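This report refers to the structure that appears directly beneath it.
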Amino acid sequence: MRKFLLTEKDIPRQWYNILADMPNKPRPPLHPGTKEPITPDMLAPLFPQALIEQEVSAEKWIDIPDQVRDIYTMWRPTPLFRARNLEKLLDTPAKIYYKYEGVSPSGSHKPNTAVAQAYYNKMEGVRRITTETGAGQWGSALSFACQLFDLECEVYMVKISYEQKPYRKIMMQTWGAKVFASPTDRTEAGRKILAEDPNSPGSLGIAISEAIERAATDPDTKYSLGSVLNHVLLHQTVLGQEAVQQMEMAGDWPDIVIAPFGGGSNFAGLAFPFLRFKLEGKRDVRCIASEPASCPKLTKGVFRYDFGDTVGMTPLLPMYTLGHKFVPAPIHAGGLRYHGAGAIISQLIHDRIIEARAHDQIETFDAAVLFARAEGIIPAPEAAHAIATAIQEAKRCREEGTSRTILFNLCGHGHFDLKAYQDYFEGKLQPHALSDEEIQQLIAQIDTPEIA
Ligand SMILES: *Cc1c(COP(=O)(O)O)cnc(C)c1O
């Protein structure tokens, strides 16, 4: 069979919280000023209570509210495919499967958490949600979700993406959001960056600073993050739990689970429900996070406390990072241009429970085009990183003459990223990797606390 489909009744009723099963829990977040562990109430200006509780919860299973699950039925369950054409093209004994999240209204996995976050904000009487967006995927997912709950949505979009991806902006506006090119002159944080560099292309870190500042200074407004935080990773596990059922339908089990890595949410979404079996000592699995060579925080970064944003307003989180001041090169995989990783993911990397691999931009587009020609779907440039890793693993199987089962996350389609494909076809993409010297320099500049 080529396609494994579930029905509405198979959509999970609970999210899976991997914190309950981790052998070593992440260190606590620290207050940016005092450097002491923060208490949950310090997050109250930014997030609704229910999400703060999820952020620190050690419960293994957390119920999905009926209303959220009902909205999930608009596009869930999503399909899982066996990539038979790709297997043939690669002449590999490996079996390759992929979970496809591009069927959601905004075209990626992001609405899985956007809908949940909008729901909890609405329940607690919030009127407006601010956020940042890189490639525009998160902003469009949250705009869609806010529209469903009649919430105002204000999006700070990284300037380079705002210019490269006008259609994402129009999607957000169609769903009723207000969109600004960040850095803006609407916030203290944005004005500070503009004073230093009026032509700043922006970064996710800068846009986060702007969105947080708006929420922190307005009692009717809360902030929402599309990745990195524990509750975001939690909500995404709906997709991996479906994939577990679908692999069972296929009569198979992945030896290797692969997902692209920006801040960790789609990786967690797919990998954690499989990793559960490993942590419970039942079935082994290798999980690989695929990141850009131009932003290699997992493969080349340091494990220490760092800020989530550029200006240093967020709590300090224990993470693999290239430093919060790092502005990645303007590669086309906008969603992967983030300096750090979530606390859970970072601890799992540190404990060698999961692995990471970096790919150059050209290599990822080679993989994306090969995939599109074999399987038909045009992948998001972010998703192409997972495809590049999957192809590497499938080729290794061919060389070794072994058959392994590989599952990767096709976390979004690339219909709004065709400019990137155009640049690739015209030979305009530069191979770009950070040199070891550049990385040493970046790391030497980090002045946040070390992890004891
Ligand atoms: C946002 C995004 C990513 C990166 O974010 P994660 O939290 O690491 O998943 C990757 N792929 C797509 C399609 C995205 O929209």
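Here the structure is a predicted model, which is why all the values come from computation and not from measurement. When a ligand or atom number is given, it counts from 1 through the structure's own listing order.
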Number the atoms of ligand 1 from 1 as they appear, then name those within less than 4.0 Å of a heavy atom of [X], with their elements.
X    : value
S265 : 6 (P), 7 (O), 8 (O), 9 (O)
S227 : 6 (P), 7 (O)
G263 : 6 (P), 7 (O), 8 (O)

Query raised in the report: To which protein heavy atom is atom 4 (C) of ligand 1 closest, and what is the distance rounded to 0.1 Å?
Result: G335 O, 3.4 Å

Report task. Could you check atom 8 (O) of ligand 1 against the protein and tell me its nearest heavy-atom contact, residue, atom and distance included? Result ->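 In this structure, atom 8 (O) of ligand 1 has G262 N, 2.7 Å as its nearest protein heavy atom.
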
Query raised in the report: Would E132 and Y223 count as having a side-chain donor-acceptor pair, cut-off 3.5 Å?
Result: yes

Requested in this report: Please check if any side-chain donor atom of Q54 sits under 3.5 Å from a side-chain acceptor atom of N17, or the reverse.
Outcome: no

Query raised in the report: So, is A380 polar-close to ligand 1, with some N/O to N/O distance under 3.5 Å?
Result: no

**Report entry** Best match, C411, A289, A386, A268: closest heavy atom to atom 11 (N) of ligand 1
**Finding:**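 Among C411, A289, A386, A268, the closest heavy atom to atom 11 (N) of ligand 1 belongs to C411.
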
Query raised in the report: Of the choices H385, K110, E382, which has the non-hydrogen atom that lies closest to atom 14 (C) of ligand 1?
Result: K110

Query - Y162 six-ring face occupied by K169 cation (under 6.0 Å, within 45°) - result: yes

Query raised in the report: Cation over ring, R283 on F277, under 6.0 Å and within 45°?
Result: no

Report task. Please work out whether the ring planes of Y97 and F4 are parallel, tilted or perpendicular, with thresholds of 30° and 60°. Result -> tilted

**Report entry** A383 near ligand 1 by a heavy-atom separation under 4.0 Å
**Finding:**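 Not so, A383 does not reach ligand 1.
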
Query raised in the report: Do any heavy atoms of H109 fall under 4.0 Å from ligand 1?
Result: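 So H109 counts as touching ligand 1.
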
Query raised in the report: What are the two closest heavy atoms between E242 and L6, and how far apart are they?
Result: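 The answer is O-CD1, 3.7 Å.
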
Query raised in the report: Given H235, which of Y119, Y16, W15 fulfils the ring pair (Phe, Tyr, Trp, His ring centres under 6.0 Å) condition?
Result: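 Exactly one candidate clears the test, W15.
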
